[in-house]
There are 2 protein chains.
Amino acid sequence: MGRPHQTLLSRTAIARAALELIDDRGYEALTMRALADRLGVRGASLYHHIGSKDDVLDLVSELLDAEIDHTPLRSAPWREGIAAYARGYRRVFQRHPNAIALVARRGVHTEGALSEYDTLLATLIRAGCTPALAAETAAALDFLVIGSALETYAAGFSRPPSEYRPDYPALADSLEAAARVDPAPTALDDRGFELGLRMILGGLAHQLKTAPDE
Amino acid sequence: MGRPHQTLLSRTAIARAALELIDDRGYEALTMRALADRLGVRGASLYHHIGSKDDVLDLVSELLDAEIDHTPLRSAPWREGIAAYARGYRRVFQRHPNAIALVARRGVHTEGALSEYDTLLATLIRAGCTPALAAETAAALDFLVIGSALETYAAGFSRPPSEYRPDYPALADSLEAAARVDPAPTALDDRGFELGLRMILGGLAHQLKTAPDE
DNA sequence: ACCTGAACACCGTTCAAGT
DNA sequence: ACCTGAACACCGTTCAAGT
């Protein structure tokens, strides 16, 4: 059988197990003891590879970052490329809804995210933005992605639209109309995100056409 | 002196103390024992008034909701009214940065938020939106507010811009240009938010002018 | 009715051991 | 070098007791 154990654990194995645990059983189920369990080891062993639970959360953030497909940013035309990138960014959180609480902790600005941002900013500048405008646009796109990821998770209006009548008639009308357009529960989130994306990128295109130097 | 204590505690007193504790010492310092301490009582006493810590967090969410000024929504013209409302909404989180983790838990859609949403949607419909478009626009605005609140907290790029060179030249350029526009640390967040707001409301105004029925 | 002390089952983390 | 058992100081929560 060989020696009892040499390197059962590694930082990446721990990170992957942590993300699996979050996906399977929720963010609150991520406990050092539960994590060790999933790795066939006892809680204290983890501390030979990671410094703290916070350290583990950082590693999971990096895993999520790595899932973002930033190849669309390299593809012309810039407007479709950026839209595809933003959708892919958002899709990572849709795949890991239980991990969204991580975002609130620290954002997704891990070390690995820097080159993505650099590419996004370079794309915007190449499209005609000043560097300052590029930074603002990237921020706005980020807010939209992060905000929509969170809202999906928090899904506000859980009751059937009709229950909001008669106290909140505009709310009831809007929710019913939205459900008629697409009854899927996340459809309104998706459409709100797409609207924001269209407005930001459309507005930017218009601004670049009329005043290319700011 | 009177009798020893009758109703030292109440749900609102607990909620207010909880928000104070979060503001003063951070989200993680909100402990049932620390909360009881601040109220001059022992931990177990709290459970005569609230059901669980989760219950307390909900109460704090309602407190934050109540801080949002939604009077601008009633003021014409709609575009400025909605912009002022969104800024005020965001300002609540700027006043309580440590409370942003609450948002990830549940969003801000407490019972008290319903009438705000109803008013926002009514304003959009009065401005010419279909109910479905109003819902999507409200969602996009929400994403922008929530996302920008979170990003401020998570403030990504903490190092001086020059450190990102030469690996990430577009990032360094953008951050330096943004700092020249306004060196305040949250300025880029503010400007990104304003850009998103301008794009969404401007795009909407344009859409309502060219195709008033969708 | 409301506050309390003590207890329960958990946490994250440390550390002297073992191999 | 790496895993472990036992312990530490904490959690949220419960409950029999006191007033």
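Per chain, numbering begins at 1; letters A, B, ... match sequence-line order.
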Query raised in the report: Between C/dC11 atom P and A/L21 atom CG, what is the distance in whole Å?
Result: 11 Å

Requested in this report: Ignoring hydrogens and angles, state whether a donor on the side chain of B/D118 or A/Y164 is under 3.5 Å from an acceptor on the partner side chain.
Outcome: no

Query raised in the report: Are the side chain of B/T186 and the backbone N or O of B/D189 linked by a donor-acceptor pair below 3.5 Å?
Result: no

Requested in this report: Might you work through the salt bridge (Lys or Arg N to Asp or Glu O under 4.0 Å) test for A/R91 and A/E67, ending with a clear yes or no?
Outcome: CA-CA 9 Å; A/R91 212 175 300 123; A/E67 272 191 40; over 6 Å; no

**Report entry** Residue A/R38 excluded, over 12 heavy atoms near CZ under 6.0 Å
**Finding:** yes

Query - Within residues 23-42 of chain B, residues whose heavy atoms come under 4.0 Å of DNA chain C - result: B/R33, B/V41, B/R42

Query raised in the report: Under 3.5 Å, side chain of A/R90 to main-chain N/O of A/A149, donor-acceptor pair present?
Result: no

Report task. Using atom CD1 of B/I50 as one end and atom C1' of D/dT13 as the other, report the distance to the nearest whole Å. Result -> 10 Å

Query raised in the report: Would you say a side-chain N or O of A/H49 is under 4.0 Å from OP1 or OP2 of D/dC3?
Result: yes

Query raised in the report: Just by distance, do the side chain of B/D23 and the backbone of B/H96 share a donor-acceptor pair under 3.5 Å?
Result: no

Report task. Quick one: stems involving DNA chain D, counted as three or more successive Watson-Crick or G-U pairs, both distances short of 3.5 Å. Result -> C:4-8 with D:12-16, C:12-16 with D:4-8

Query raised in the report: Do side-chain atoms of B/N98 reach the backbone of B/I22 as a donor and acceptor pair under 3.5 angstrom?
Result: yes

Query raised in the report: salt bridge (Lys or Arg N to Asp or Glu O under 4.0 Å) between B/R11 and B/E62: does it pass, once the steps are laid out?
Result: CA-CA 12 Å; B/R11 287 174 68 83; B/E62 279 169 33; over 6 Å; no

Report task. Return the value, rounded to whole Å, for the distance between atom CG of A/L46 and atom P of C/dT14. Result -> 12 Å

When you compare the protein's N or O atoms with those of nucleotides 15-17 of chain D, which come within less than 3.5 Å of each other, and at what distance?
none

Report task. Would you check if the side chain of B/S10 reaches a backbone N or O of B/A13 as a donor-acceptor pair within less than 3.5 Å? Result -> yes

Query raised in the report: Taking B/S174 for the side chain and A/A132 for the main chain, is one N or O donor matched with an acceptor at less than 3.5 Å?
Result: no

Query raised in the report: Can you tell me if B/D69 and B/T71 form a side-chain donor-acceptor pair at under 3.5 Å?
Result: yes

Report summary line: A/K53 atom NZ is separated from C/dC10 atom C1', nearest whole Å, by 12 Å

Query raised in the report: When the distance from OH of A/Y47 to P of D/dA7 is rounded to whole Å, what number comes out?
Result: 19 Å

